[in-house]
Amino acid sequence: DPLPVPRIRHYNWEVKYEYKSPDCFKKLAITINGQTPGPTIEAQLNDVIIVEVKNSMLTEMVSIHWHGIHQRGMPWFDGTGGVTQCPIAPGDTFVYKVAVDVPGTFLYHAHYGLQSEHGLYGMIKVSLPPGDSEPYTYDYDESIILVDWYHKSTYEQATGLSSIPFVWVGEPQSLLIQGKGRFNCSTPELETGLCNTTSPECSPHVMTVVPGKTYRLRIGSVTSLSALSFEIEGHNMTIVGTGGHNVEPFTVKNLFIYSGQTYSVLIKTDQDPTKNYWIVSKIVNRNSTTPNGLAIFNYSPNNPSVSPPTIPPVGPAWNDVDSRITQSQAIKARQGYITPPPQKPDRVIVLLNTQNMIDGYIRWSINNVSFNLPGTPYLIAVKNKWHHVFNQTSPPDGYDYRHYDIFSPPKNVNATYGNSIYRLPFNSVVDIIIQNANTMKPTESETHPWHLHGHDFWVLGHGKGKFDIQNDPKKFNLVNPVMKNTVAVQPWGWAALRFRANNPGVWYMHCHLEFHSFLGMGVVFEEGVEMLGQLPKSIMGCGDAKDFHKP
Ligand SMILES: O=C1O[C@H]([C@@H](O)CO)C(O)=C1O
């Protein structure tokens, strides 16, 4: 049979700053065609999506990353500013081509500066072609995207994070569910005229449901700092998928979801249909003062704007790390949908996560190296063998794990900047052990959701404490591990991943908390760039490739 001709879906997006009040407080948000969250891309397996992005922000560059999509054969459209392309200059238009070759739920968001946090994000739903079916049934397919929300501008935040003394962004002002939240307008010392509780922009998101049905709800998170618990009052959720993979179904009251992850859950509308219920998002990784995000689960035909008669569920305790690890460990590939991992790695790279100082600046480091982007995107530099663009020595494969005490602040807080990358032999199998440690504050360690571009990895294990290089690998799940593109590493804990370096390109791997990746918490992998054809001119225009750009 001839291959089916891919269906092309064309989008024209204009990205700009606009005043928005998603939580009743008016501030400049980054919108796509006037919206934040941006439009949900609804595609079918093997469609090709063409997105023409016009950057109408007046003073900022931009790039858009297609999160969870592998962009095989066209890594230049991964959308990672400084890694796979020159970011799009103000006034310019860039045409992305995105091939959705896996069914499931994915995200898109800005991958430049702190723009994702300020509204440039959305969801991608990839359905099966007619005639194919999922291994579960449902009546409706809906989606919800979760973020945390700040009132200060990207400029104030970025400047504070890059200053001496360090000015931390603090806790988010609110949590948005499908772009809607609620900030307390009676907060003292608020500038008058900016907060308006009656603005229609901040009426809560309503998910209207019909009684007696099964809903597939796709939930995504693009938070910049927070790990969330998500629940629907009085309703259990059966987790059936994550990213592009089916998982062995299991039922939870609340879903722990980390920035960069998506889940599909099934919900039965089998509760008392005469009232509405709360949908709640709650910060669980920090002892946060941010109020819980609230939306309404509205049983039709009840009035959607009537608040549920109950007090919203308070959600799990913020420091209940064990429940989070238990839920992560319970997620397994679904029988009949297992892609078994290679049984042995060719190489093991340990990534120690620490918070450090460099010349008085607070940074995050991997094996004591804090990542900084070079002026010319890696993909262009590697393809052209421009060795002067970045340091050609490999970054460290690990740290001195016999002596490093992950339970105490670093003995020597000083780290260094680095821009070198891991060059992987094409098709080799790589294990990544992400080891979390104490921050610079005594008895504090954070949660870091690590995201890998261009691949899904097998999650071989999670654990508390220091990874035991002798014994923990014996406990790896090599039978039915779930595949993901983002995994949470818990405080003082570790996660072990395996992937095959079989996607020619240059791929960023980083903490998906935008503030942490901004502060250097990332690494870069390269594989098979020599196998790629000529790079498109449209990704050039900066650094040493500044004269190569032709509109
Ligand atoms: O990157 C971070 O910096 C602060 C704090 O550790 C320093 O003020 C914090 O909570 C982070 O997550």
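As the structure lists them, so they are numbered: ligands from 1, and atoms in each ligand from 1.
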Using modelled atom types and a 3.5 Å cut-off, is there a donor and acceptor pairing between side-chain atoms of Asn436 and backbone atoms of Glu446?
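Yes; judged by distance alone, with no hydrogens or angles, the pair exists.
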Does the Trp507 side chain pair with the main chain of Asn503, one donor and one acceptor, at a distance under 3.5 Å?
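Yes, because the side chain of Trp507 sits within donor-acceptor range (under 3.5 Å) of the backbone of Asn503.
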Once salt bridge (charged side-chain N to carboxylate O under 4.0 Å, His left out) is applied, do any residues pair with Glu514, and if so which ones, sequence neighbours excluded?
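Not a single residue meets the salt bridge (charged side-chain N to carboxylate O under 4.0 Å, His left out) criterion with Glu514.
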Protein residues that have a heavy atom under 4.0 Å from any atom of ligand 1, sorted by chain and number
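Correct list: Phe166, Trp168, Arg286, Gln355, Trp364, Lys441, Glu446, His516, Leu519.
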When the ring centroid of Tyr150 is compared with that of Phe515, is the distance short of 6.0 Å?
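Yes, close enough.
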Report yes or no: is the SG-SG distance between Cys24 and Cys185 under 2.5 Å?
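Unbridged: Cys24 and Cys185.
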Option from Ile539, Val62, Asn55 for which side-chain contact (heavy atoms from CB on, under 4.5 Å) with Phe94 holds:
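One option only clears the test, and that one is Ile539.
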